[in-house]
Amino acid sequence: MAKYAPGSFTKNFAWNQHGPGLMRLHTTIRAGYLGALATVEREAWRANSGIDDASLDLIPINFFLHNRAGQISVDELVFQAIKRPHSLRFDRLALFALLLSRVGNPPGKAEARPFMWANEFVRRDLWQSGDWRSSALLDTNLDRFIKDHVNGVKDSLVKCRNNLRGMFEYCGYWPTSLPTINSGAEEWAASALFLAWDRHLLDGAPATEAALLDTVKTEELYRLMGVEEAWLAPMAATLLGEYLDAGGIRRFQVPAATSAPTTPAAPPPRAPTSTPAAPARPKPEIILAELLDEQGLDDAVKRTIRQAAVQKRNQRLAAKLRLGYGHRCQFCRRSLQIGEGRFYSEAAHIKPIGLPHDGPDKMSNMIVLCPNHHIQFDHGILRIVKDGARYVLSSKIEGDPIHEKLLLLKHKLDDVCVNWHFEWWEKAGR
Ligand SMILES: [Zn+2]
């Protein structure tokens with residue numbers, strides 16, 4: 001049986017220290033890249049991020065981000081951190097990045113996949129018949145797995161357990177009294193696939209459709225997402241076209257302002273007309289201590305429990321709404337079939353919940369959309385106009401067939417949120 005080194009994962013990393021969930025990780029990534037989607041030299045990243053103390057392990061780099069030839073790469077996780085406000089969806093994508101364990105080659109690290117013990121834990125132990133089995137996260141089970149798969153003394157093994165389970169806590173998956181954990185992957189699977197493909201390409205794998213699609217099976221991505229392969233595979237097949245059309249890993253390259261006119265145009269970034277202007281550089285946080293004391297950890301756990309209860313409710317509302325519409329998109333009125341008798345839709349928040357927008361966590365702030373229209377709605381390409389008692393769609397794309405069509409509506413909407421979304425994207429530069 002292969003045994004792995006625990007590495008710096010035995011350091012405490014309480015990424016929820018400055019807010020709910022993995023808020024601190026989100027802030028640190030934005031700071032590390034100075035809020036721009038461009039690769040950064042490792043040392044510069046370290047200084048920008050505010051964690052340039054040589055005595056601290058660069059946990060976000062070594063476990064969450066991808067290193068290549070001394071550069072910290074840009075990929076979907078970085079895109080989400082820089083272009084989107086912090087959300088539960090980001091936290092879950094970060095957990096996925098951690099579990100995927102494709103982080104390039106950090107200098108001085110022999111293993112290109114430093115977190116394979118946790119990757120194996122999820123694929124072999126946590127995942128069972130399309131779900132995550134909550135008993136796998138209990139002390140007894142987790143300790144046994146770690147003892148069998150990680151080299152280290154008892155104290156470091158306990159830290160491995162607490163840190164790994166802490167990640168599941170920050171993501172609202174733990175604690176639970178239910179036998180199975182609903183990963184809620186329909187909310188983040190698309191980003192996770194993009195991220196897995198990004199890292200696959202950054203690791204030098206061939207950019208063929210077959211090779212990219214194969215990752216679902218060979219890397220058992222569906223297990224890392226807590227879903228059935230039969231659910232993920234057709235979705236991956238649909239999304240791969242979108243991924244390649246957007247330019248694959250090159251979708252983040254933007255033409256340099258100084259390029260000569262003869263330079264061939266770089267592939268366009270995703271949704272070039274709608275991406276909000278890069279946020280102002282956040283002030284690097286002053287990190288007083290990497291280690292959380294016992295008291296701090298207890299508080300963190302209590303906050304997480306409260307947070308988890310709210311998230312559960314939110315998931316239930318979203319599921320109820322999607323069923324209520326029979327997975328029919330309220331914009332195009334189509335439902336995406338992903339198997340025999342199985343359909344897929346997403347619940348979109350009109351005003352994003354969580355900071356900074358803090359939209360209400362209720363059904364009247366949600367609509368049911370197909371994945372494509374969800375992305376366009378989140379980028380303000382599609383908006384809803386309240387016109388008397390009617391809700392009319394407005395598209396920024398010329399000739400869009402759904403422009404000026406009526407919103408399919410079976411539930412009451414919060415007009416404050418509808419107007420907020422319209423106004424937010426109306427502002428200059430959006
Ligand atoms: Zn649609």
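Note that the structure is predicted; figures quoted are calculated from it, not measured. Counting convention: from 1, in listed order, for ligands and their atoms alike.
- When the N, O or S atoms of His373 are ranked by distance to the Zn ion (ligand 1), ND1 comes first.
- Aromatic pair Phe377/Phe331: ring centres closer than 6.0 Å.
- Side-chain contact annotation: His86 with Asp91, donor-acceptor N/O pair under 3.5 Å present.
- For the ring-ring contact (aromatic ring centres under 6.0 Å, His included) test with Trp132, the passing option among Tyr222, Phe121, Phe168 is Phe168; the others fail.
- With the Zn ion (ligand 1) as the vertex, atom SG of Cys329 and atom SG of Cys370 span an angle of 110° (nearest 10 degrees).
- Under 2.8 Å from the Zn ion (ligand 1) lies no N/O/S atom of His374, from backbone or side chain alike.
- Aromatic ring centres of His379 and Trp425: separated by at least 6.0 Å.
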